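Quick notes on the structure that follows.
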Amino acid sequence: MIPAWQKGIVKKIEQATPRTRRYWLELPEVSVFDFKPGQFITLDLPIHEQRNKRWRSYSIASAPDGTNIIELLIVHLEGGLGSQYLFNEIEEGSELTLRGPQGVFVLPEQIDKDLYFICTGTGIAPFRSMLQYIDKHKIATQKINLIFGTRTHKDLLYADEMKGLETRIAQFKYYAALSREEMDGHFKGYVHPVYESVVKQGTPAKFMLCGWRNMIDEAKQRILLLGFDRKDIQEELYG
């Protein structure tokens, strides 16, 4: 059943990187907005006459916390009508129309395999929600590896938070790959050599991919070549 549309009030906006902002939305029509970490909401924006061409979906970047406030992570895409509207027209106090939660890109009910969270850009959002949830509820896991790819250190998202989670989640490891810059403590290049270097062949694993199509398509091919099966891969395509 598709959730009904409801009102969202922008409570706070923060510039996360030169091209990315964090938006906190309050949903005043409910006292608690419950969702599974990894799910998304859809905004209905006044950017087109046809309704379905006004819809833009964004993963929830925060974990369910018993409140009616959620966080979205949105990148300003050149030529993107949705992000242009959000960056140019929306401010704190603005009202939006949204529906959700939706989506099946969520944590396994039992984390009985090694997890590889592979993402680029704002594709880190659902994984941040999942990791916050694991940390808060002290969920037992196998090894979790987050491999995050972006251009430069200025484009890193939640880096300090991820390093903090490494100290609190015993099985969690965070890797960042910078495609256009060399920096101590980070990989130079794309995400693919990173997970290929840390994956344990022969150990059951689940790969969750989130980001742009080119990254996901290449990752799927490489993971299959590592000897894993298509059923070991789950994807959430952005754009």
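The structure displayed is predicted, hence computed values, not measured ones. Throughout, residue positions are numbered sequentially from 1 according to the sequence presented.
For Lys220, the NZ atom counts as densely surrounded, since its 6.0 Å shell holds more than 12 non-hydrogen atoms of other residues, nucleotides or ligands. At most 12 heavy atoms of other shown residues, nucleotides or ligands fall within 6.0 angstrom of atom CD1 in Ile2. The 12-atom threshold is not exceeded at CZ of Arg180, counting heavy atoms of other residues, nucleotides or ligands nearer than 6.0 Å. Within 6.0 Å of atom OH in Tyr85, more than 12 heavy atoms from other residues, nucleotides or ligands are found, so the atom counts as buried in its surroundings. Surrounding NZ of Lys154 are at most 12 heavy atoms belonging to other residues, nucleotides or ligands under 6.0 Å away. Remark: Gln15 CD is packed, more than 12 non-hydrogen atoms of other residues, nucleotides or ligands lying under 6.0 Å away.
Side chain to side chain, Tyr238 and Ser59 meet the donor-acceptor criterion of an N or O pair below 3.5 Å.
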- Task: Assess whether salt bridge (charged side-chain N to carboxylate O under 4.0 Å, His left out) is satisfied between Glu181 and Arg151, documenting all intermediate values.
- Result: CA-CA 7 Å; Glu181 184 179 65; Arg151 294 178 178 179; over 6 Å; no
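Checked for salt-bridge contact, Arg128 and Glu161 meet the test: a charged N lies under 4.0 Å from a carboxylate O. Checked for salt-bridge contact, Asp44 and Arg51 meet the test: a charged N lies under 4.0 Å from a carboxylate O. With salt bridges taken as basic N to acidic carboxylate O contacts below 4.0 Å, none links Lys7 and Glu29. A salt bridge links Asp135 with Arg168: the distance from a Lys NZ or Arg NE/NH1/NH2 to an Asp or Glu carboxylate oxygen falls below 4.0 Å. A salt bridge does not link Glu49 with Arg54: none of the charged nitrogens is closer than 4.0 Å to a carboxylate oxygen.
When Ile90, Leu73, Ile70 are each tested for a side-chain contact (heavy atoms from CB on, under 4.5 Å) with Tyr23, only one passes: Ile90. Just one residue in the list Leu86, Leu27, Leu72 forms a side-chain contact (heavy atoms from CB on, under 4.5 Å) with Leu96, and that residue is Leu86.
A heavy-atom distance below 4.5 Å is not found between the side chains of Ile118 and Leu146. Looking only at side-chain heavy atoms (C-beta outward), Pro28 and Ile9 come within less than 4.5 Å of each other.
Looking at every heavy atom in both residues, Gly121 comes nearest to Phe148 through O-CE1, 3.1 Å. Minimum heavy-atom separation, Trp5 to Leu43: CZ3-C, 4.2 Å.
Interatomic distance, Lys206 NZ to Ile233 CD1, rounded to the nearest 0.5 Å: 9.5 Å.
Ring to ring, Tyr195 and Tyr116 are not that close: their centroids are 6.0 angstrom or more apart. Between Phe105 and Phe127, a ring centre-to-centre spacing shorter than 6.0 Å is recorded.
Seen from the ring of Trp24, Lys12 counts as a face-on cation partner, given the 6.0 Å and 45° thresholds.
In this structure a side-chain-to-backbone donor-acceptor pair under 3.5 Å is present from Thr67 to Ile69.
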